[in-house]
Colleague: 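Starting off with a structure, shown below.
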Amino acid sequence: MSHPLGELGGLDRSLVHVFLAGPGSGEGIAVALPTRGWLVVDGCRTEGPPGRDLPLLAILQRWRGSQDDPVEWMVL
């Protein structure tokens, strides 16, 4: 079963969630690991065009719970 992201209230952290971002500027993959922590793949750009968030940054800002939900690994 799938649901549009806008309908999700939060992530079920007993599961692995995979987010794909792109194409354009800031393509990459963000993986919410079970319980806590994230894996970010190809998230090497830190700034986007003025007034526009990078997709991976927007995913992390929206779905990361708090500082207790860190980016554990980055693969560039």
Side-chain angles (χ1 to χ4, degrees):
M1 174 179 8
S2 66
H3 300 282
L5 283 178
E7 291 181 10
L8 293 176
L11 301 179
D12 178 350
R13 292 311 290 263
S14 68
L15 303 172
V16 172
H17 297 272
V18 179
F19 297 86
L20 303 173
S25 156
E27 302 90 349
I29 301 168
V31 180
L33 304 170
T35 311
R36 65 180 280 255
W38 288 77
L39 164 67
V40 176
V41 179
D42 197 21
C44 58
R45 293 213 35 199
T46 58
E47 295 182 12
R52 190 169 150 218
D53 283 338
L54 292 172
L56 282 178
L57 181 58
I59 289 168
L60 291 173
Q61 288 173 341
R62 166 64 175 96
W63 297 106
R64 259 181 80 204
S66 66
Q67 294 292 56
D68 294 333
D69 194 16
V71 174
E72 299 279 358
W73 299 281
M74 251 188 157
V75 180
L76 303 176

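By convention here, the first residue in the shown sequence is residue 1.
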Colleague: Under the side chain to side chain donor-acceptor pair (under 3.5 Å) rule, collect the residues that match up with Asp12, sequence neighbours excluded.
Modeller: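 Asp12 satisfies side chain to side chain donor-acceptor pair (under 3.5 Å) with Ser14 only.
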Colleague: For residues Leu11 and Ala32, report the shortest heavy-atom separation together with the two atoms involved.
Modeller: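 Smallest heavy-atom distance, with atoms named: CD1-CB, 3.9 Å.
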Colleague: Does Val41 reach the side chain of Met74, with side-chain heavy atoms less than 4.5 Å apart?
Modeller: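 SC-SC contact between Val41 and Met74 ruled out.
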Colleague: List in chain and number order the residues that pass side chain to side chain donor-acceptor pair (under 3.5 Å) with Arg36, two or more places apart in sequence or in another chain; answer none if no residue qualifies.
Modeller: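 By the side chain to side chain donor-acceptor pair (under 3.5 Å) rule, Arg36 matches no residue at all.
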Colleague: Where is the tightest heavy-atom contact between Ala21 and Ile59, given as atom of each residue plus distance?
Modeller: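 The answer is CB-CD1, 3.9 Å.
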Colleague: If we only count heavy atoms from C-beta on, is the Val40 to Val75 side-chain gap below 4.5 Å?
Modeller: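 No; the side chains remain at least 4.5 Å from each other.
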Colleague: Report the distance from atom CD of Glu72 to atom CG of Leu33, rounding to the nearest 0.5 Å.
Modeller: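 Result: 7.5 Å between the selected atoms.
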Colleague: Using side-chain heavy atoms (C-beta onward) and a distance below 4.5 Å, is Trp38 in contact with Trp73?
Modeller: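 No. Closest side-chain heavy atoms not under 4.5 Å.
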Colleague: Checking Leu20 now: which residues fulfil side-chain contact (heavy atoms from CB on, under 4.5 Å) with it, not counting sequence neighbours?
Modeller: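 With neighbours one apart ignored, the set is Val18, Ile29.
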Colleague: Looking only at heavy atoms, which two atoms of Gly37 and Asp69 are closest? And how far apart?
Modeller: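 For Gly37 and Asp69, the tightest heavy-atom pair comes out as N-OD1, 2.8 Å.
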Colleague: Has Asp42 got a side-chain atom pairing as donor or acceptor with Leu76's backbone, closer than 3.5 angstrom?
Modeller: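 No; judged by distance alone, with no hydrogens or angles, the pair does not exist.
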